[in-house]
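Here the structure comes first, spelled out in structure tokens, and everything after it is commentary.
These numbers come from the heavy atoms of this one structure, side chains and all, not from hydrogens, waters or symmetry mates. Both ligands and their constituent atoms are indexed starting at 1 by order of listing. Everything quoted here is computed from the prediction, not taken from an experiment.
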Amino acid sequence: MTRRQMLASVSGTLALSAAPLGARPESPSAGEALAAGGPESFDLLVAGGRVIDPAQNLDGPRDVAIRGGKIAAVEQGIPRSQAREVIDASGKLVTPGLIDLHTHVFPYVGPYGIEADPYCVKRGVTTVIDAGTSGALTFAAFRRYNIERAATRIRALLHVVAIGMVAGSTPNMGELEDLRYCVPEMAAKVASENRDLIVGFKIRFSEQYTGSNDLEGMKRARVAADTARLPLMIHIGGSYTPFEEFLALMKKGDVVTHSFNSHPHGLLDSNGKLLPEVVAARERGVLFDVGHGAGSFSFDVMEKCLALGFAPDTISSDLYSANINGPVYDLPTTLSKFLLLGMKLEDVVGRATVNASRVFNFGAPIGTLAPGSEADVGVFELAEGEFTFTDSDHKTRTGRQKFVPVVTVRGGKVFRAA
Ligand SMILES: [Zn+2]
């Protein structure tokens, strides 16, 4: 059974077959990699852990050897003497470095952004997408003062509105209330000039950010995405216009985030059934992401969707200033919520590794531990006990397992959990 069939059999989703493929690693054989060595032929060895790499359909005891910032070998019984540094991962889970497709890591400009590293690379998350904190007028500062200085690999979805998320709804200054800031040609130009870092576009459709302009914003977002030939992520929940009207303008490879919120105009109709437009959109390759956030993830809605066979394609946190102290905390906590909802461990990990890696072009082989990939590795304790988790509607549930970050490797460099 292929990985995709395996995912499909569990979740009923095949949508990722439609996602654009990112760069794939070259794969020298492990034997070749090992043969290259004598003593200390590896820079680092993550030894003795349970390796889960859904991209390779791998779940078992393995050692992960790293050389020159890349994965060199994933084998059993690699002698510790062959590595300059050893991380003992006995009793721990070892995964590809996690990928969070929805965060806000452009701090000091507006109310949302946080510093990435304390919440990401120190907690098992090696790559994040900033989902629209910056726009055409602010991206240069994001690039220079944040992305280029962070240890976490950051890629950006440029907000179609040129000011990005400099204000929120509290001062009643939603970014799409004044359409003069929404110039698709401007967004497409900045994206085209920064293709190494900008991997798509973002736009938000909740009434407090748009007034009655949301559908016009969607049309302009479509123009920006088509002009730059990049995917588009839309934020849903509580929109002025019904969700179906946005969906009609979404194409294969575009992403819906906040998919499982409990606000009006979501995926479900008043009888708790999936809108036919949602089913059709998944069939044509539109992707459905979690984007937990402070207001956008409901255990009840997620549970109903799982029961209908509609699992998320990707699991992301929507980490920002107002949720880092709960209910989100970080991506590992968000992933833990899916274990309590009954999703299998490998399917949870897959949605924040291989699946996420295929949504955007990250320009590097990530999301897997296949030899030749970036040496991005997460080491977690899968803690057992009774843990209380809270959704965005302040509803709590008890889980029996929790991902606790221990060590992260990013490009071969080691970060201990804070
Ligand atoms: Zn967000």
Side-chain angles (χ1 to χ4, degrees), residues 99-116 119-120 125 127-135 138-139 142 146-147 152 154-161 163-170 173-176 187 198-210 214 217-218 221 231-239 243 246 254-263 265-266 287-298 302 312-331 333-334 337 352 356 359-360 391-393:
I99 303 168
D100 194 338
L101 287 192
H102 188 159
T103 67
H104 296 280
V105 290
F106 180 19
Y108 315 119
V109 177
Y112 294 97
I114 54 163
E115 294 276 1
Y119 302 96
C120 301
V125 181
T127 301
V128 302
I129 291 287
D130 179 277
T133 324
S134 72
T138 57
F139 180 76
F142 185 29
N146 300 96
I147 300 178
T152 307
I154 300 172
R155 297 291 180 267
L157 300 181
L158 191 74
H159 205 307
V160 182
V161 179
I163 54 175
M165 290 161 59
V166 295
S169 56
T170 311
M173 295 161 76
E175 68 267 13
L176 201 52
I198 296 176
V199 297
F201 296 98
K202 169 84 184 295
I203 193 158
R204 296 200 292 177
F205 298 134
S206 298
E207 196 170 349
Q208 66 267 36
Y209 310 127
T210 65
D214 55 2
M218 180 70 201
L232 170 67
M233 176 187 275
I234 73 163
H235 151 142
I236 65 161
S239 53
F243 176 42
F246 307 124
D254 290 335
V255 183
V256 175
T257 192
H258 305 321
S259 301
F260 308 98
N261 74 78
S262 59
H263 306 297
H265 294 321
L287 302 169
F288 292 84
D289 175 57
V290 170
H292 188 313
S296 303
F297 179 72
S298 155
M302 188 72 258
D313 294 300
T314 51
I315 301 174
S316 66
S317 67
D318 188 18
L319 203 59
Y320 58 88
S321 56
N323 64 44
I324 49 177
N325 296 314
V328 176
Y329 298 100
D330 49 33
L331 183 61
T333 305
T334 304
K337 294 176 184 181
V359 177
F360 300 108
D391 72 5
S392 307
D393 298 333

### Task
At a cut-off of 2.8 Å, list the protein N/O/S atoms near the Zn ion (ligand 1), residue plus atom name.
His102 NE2, His104 NE2, Asp318 OD1
### Query
For His292, what residues pass the ring pair (Phe, Tyr, Trp, His ring centres under 6.0 Å) criterion, not counting sequence neighbours?
Phe297
### Message
I'd like to check the salt bridge (charged side-chain N to carboxylate O under 4.0 Å, His left out) partners of Asp254; sequence neighbours left out, ordered by chain and number.
### Response
Arg222
### Task
List for me each residue that meets side-chain hydrogen bond (donor to acceptor under 3.5 Å, both in side chains) alongside Asp393, sequence neighbours excluded, and say none if there are none.
Ser262
### Query
Angle class for the His258/His235 ring planes (parallel below 30°, perpendicular above 60°, tilted otherwise)?
perpendicular
### Query
How are the rings of Phe243 and Phe288 set to each other: parallel, tilted or perpendicular (split at 30° and 60°)?
perpendicular
### Query
Can Ser239 and His265 be counted as having a side-chain donor-acceptor contact under 3.5 angstrom?
no
